[in-house]
Amino acid sequence: MSAIESVQSPTTKADWQALADAVIPSLETRAFIDDAFVDAVSGETLATLNPASGETLAQVASCDAADAELAVAAARSAHARGDWSRLAPAERKRVLLRLAELMEAHKNELALLDTLDMGKPVSSSLGDIEGAIGCLRYTAEGIDKVYGEVAPTGDDSLGLVLREPLGVVASIVPWNFPLMMTAWKIAPVLAAGNCVILKPSEKSPLSALRLAQLAKEAGLPRGVFQVLPGYGHTVGKALALSMEVDCLAFTGSTQVGKQLMQYAGQSNLKRVYLECGGKSPNLVFADCKNLDQVAQHAAAAIFHNQGEVCIAGSRLLVENSIREAFVDQVVEAAKAMQPGDPLDPASFMGAMVDETQYRSVLDYIAKGREEGARLRAGGKALEGPGYFIPPTIFDGVTPAMTIGREEIFGPVLSVFGFDGEEEAVQLANDSDYGLAAGLWSQDIDRIMRLSRKLQSGQVFVNNWAGPDMTVPFGGVKQSGNGRDKSLHSLAEYTELKTVWMALTP
Ligand code: NAD
């Protein structure tokens with residue numbers, strides 16, 4: 001039995017530490033290109049750090065344009081070979097379900113890698129891995145139930161509408177949910193018969209490389225799934241500018257999303273699907289029942305995953321008649337959500353991903369103070385080592401303040417007051433973003449009225465972020481244009497082809 005297998009079911013901090021001690025010496029740190037683990041062509045590496053300690057975990061291959069060229073050539077040749085792109089959907093399903101099984105068998109290890117790499121609590125990482133496995137299973141199960149169409153023609157013709165894979169897709173993902181965002185971005189792409197080149201974030205490449213080992217074991221053919229760790233401005237940019245990549249499937253910041261659209265325009269007009277940032281409003285009306293429970297949800301909506309969540313409920317909009325008392329309840333709820341050792345399963349929050357993100361969040365907190373918001377909780381980093389920031393709550397925020405407009409991507413809640421529906425909607429929609437919105441009320445007419453008026457890809461009514469794989473996930477405005485999850489995601493990675501036949505009636 002290997003050292004990793006000997007830590008069967010970790011439940012305590014000591015168990016997780018033992019698993020970490022077993023996993024770290026055997027980390028895969030090379031790129032996965034054309035079915036082989038290889039060093040970057042340049043030989044360069046980049047350090048990936050454990051943000052809970054600030055220590056280097058591993059030196060990982062730092063790919064650039066030369067590696068991108070090799071991976072694109074391997075993917076093109078795999079696509080042309082057709083042993084994946086033309087494989088019967090039911091067969092592709094079988095391989096992807098096998099990959100899901102392998103992920104299940106290694107889920108503790110995968111969760112641990114995300115926790116070590118980006119600082120989130122291990123209990124949270126375990127939930128992410130379940131989500132990633134569920135995404136793979138759902139999408140694999142879906143692919144042999146998607147039909148083409150027969151057009152409503154006259155008897156003298158037959159119009160077929162076929163769905164074909166796009167070809168080569170570059171999936172570029174962020175660090176905040178490393179493996180779950182990866183699953184959302186690769187499962188529909190692979191299920192639809194495409195080849196994927198995955199570019200994980202330079203801040204969290206470890207679980208993607210472990211996934212490559214499992215994908216090889218599951219039987220994905222050569223060149224169909226490849227992983228290029230490295231920086232965005234090197235290997236990410238090279239993939240985005242490639243004339244041989246047919247589509248970019250991106251999750252990350254709005255700023256980089258805009259650059260990718262430019263790269264597509266400068267190269268081959270590849271499709272660009274973007275899932276970008278957010279500044280999501282969470283609207284609480286005075287008619288809510290159980291305000292203490294709503295306060296728990298409102299706190300979790302921002303402090304889960306240290307606030308490093310695209311759909312974080314970072315703007316809390318509260319009807320003025322209950323605001324003072326409700327904010328007291330949110331402050332109380334936040335006391336139980338303090339950061340702790342990410343390897344401790346009892347920790348609610350972990351460490352910020354790195355020093356840059358930590359400094360950026362602290363700068364926003366300083367701006368909140370300078371611009372006159374009222375600090376109700378937190379506001380000061382914990383003593384080192386590691387990059388820990390406690391739940392921070394500002395009341396009296398206005399749309400003119402920086403913390404009321406910009407995505408902070410950290411545990412900072414901005415509370416606004418409103419009087420009546422009209423002002424609530426006006427404040428909620430006063431944003432460049434439109435990823436998610438929350439609505440807490442007992443009035444079904446109001447719920448339906450506002451669900452339609454809120455400019456958002458998704459509206460959570462009397463909950464926050466509960467939806468499963470059956471519904472689409474994505475944004476409007478500058479939050480992006482793509483949709484992850486649900487069967488709609490499969491459609492994004494297929495091309496419609498018309499076959500028009502003349503018949504003798
Ligand atoms: P980021 O945009 O800095 O990086 C995302 C990915 O893009 C990384 O892999 C990075 O290396 C790569 N990249 C950077 N510059 C590039 C370039 N010039 N060309 C090609 N690739 C490049 O974002 P991040 O800091 O990793 O993640 C945080 C952001 O992601 C937040 O804005 C968050 O809201 C967003 N996000 C959105 C969703 C969603 O579903 N809408 C989900 C998670 C995170």
Side-chain angles (χ1 to χ4, degrees), residues 46 48 51 60 62-65 68 114 117-118 120 128 131 135 170-185 197-205 207-208 227-242 245 248-264 266-267 270 272-280 302 304-314 352-354 356-358 360-361 406-410 431-436 456-458 465 467 472-485 489:
L46 60 85
T48 180
V60 174
S62 183
C63 295
D64 61 22
D114 278 356
D117 229 1
M118 66 70 70
K120 71 166 61 191
D128 296 356
C135 172
S171 294
I172 301 179
V173 297
W175 47 262
N176 62 332
F177 292 91
L179 199 64
M180 198 166 82
M181 291 300 104
T182 292
W184 288 14
K185 279 290 178 274
I197 303 171
L198 171 67
K199 210 297 276 173
S201 168
E202 57 276 21
K203 298 180 186 186
S204 60
S207 60
V227 182
L228 301 184
Y231 293 106
H233 64 274
T234 55
V235 67
K237 182 174 176 182
L239 290 168
L241 281 170
S242 168
V245 169
L248 297 174
F250 173 75
T251 303
S253 62
T254 295
Q255 187 195 356
V256 173
K258 288 181 181 185
Q259 279 179 311
L260 297 192
M261 283 195 142
Q262 289 180 357
Y263 297 154
Q266 286 165 25
S267 53
K270 54 180 70 67
V272 183
Y273 293 122
L274 304 174
E275 305 290 345
C276 299
K279 188 76 180 175
S280 298
I302 174 69
H304 167 61
N305 212 47
Q306 311 78 242
E308 294 165 329
V309 182
C310 54
I311 53 160
S314 52
M352 307 308 300
V353 68
D354 64 4
T356 309
Q357 186 65 13
Y358 169 81
S360 160
V361 174
E406 294 185 11
E407 183 183 46
I408 298 174
F409 223 55
S431 172
D432 290 339
Y433 298 108
L435 191 53
S456 174
Q458 48 221 318
F473 182 106
V476 299
K477 295 157 88 175
Q478 293 188 38
S479 288
N481 58 7
R483 289 295 179 271
D484 289 328
K485 306 202 301 183
S489 67

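All values below were derived from every heavy atom in this structure, side-chain atoms included, with hydrogens, water molecules and symmetry-related copies excluded. Ligands are counted one by one from 1 in listed order, and the atoms in each one are counted from 1 as well.
Contact check for Tyr231 versus Ser62: side-chain heavy atoms found under the 4.5 Å cut-off.
In Gln255, the CD atom is not crowded: 12 or fewer heavy atoms of neighbouring residues, nucleotides or ligands sit closer than 6.0 Å. Residue Lys203 qualifies as enclosed at atom NZ: its count of foreign heavy atoms under 6.0 Å is above 12.
Of the possible donor and acceptor atoms, one in the side chain of Lys270 sits under 3.5 Å from a partner among the backbone N and O of Ala240.
Listed by chain and number, residues touching ligand 1 at under 4.0 Å (heavy atoms only) are Ile172, Val173, Pro174, Trp175, Asn176, Met181, Lys199, Pro200, Ser201, Glu202, Gly232, Gly236, Lys237, Phe250, Thr251, Gly252, Ser253, Val256, Gln259, Leu260, Tyr263, Glu275, Cys276, Gly277, Cys310, Glu407, Phe409, Leu435, Phe473.
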For residues 472-483, run the donor-acceptor check on the side chains, cut-off 3.5 Å, and write out each pair with its distance to 0.1 Å, sequence neighbours left out.
from   : atom 1 : to     : atom 2 : distance (Å)
Lys477 : NZ     : Asn429 : O      : 3.0
Lys477 : NZ     : Ser431 : O      : 2.8
Lys477 : NZ     : Gln455 : OE1    : 2.7
Gln478 : OE1    : Lys258 : NZ     : 3.0
Ser479 : OG     : Gly277 : O      : 2.6
Ser479 : OG     : Gly434 : N      : 2.9
Ser479 : OG     : Leu435 : N      : 3.3
Asn481 : OD1    : Leu274 : N      : 2.7
Asn481 : ND2    : Val272 : O      : 3.3
Arg483 : NH1    : Gly475 : O      : 3.0
Arg483 : NH2    : Gly475 : O      : 3.4

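Using cut-offs of 30° and 60° on the angle between ring planes, the pair Phe409 and Trp175 is perpendicular.
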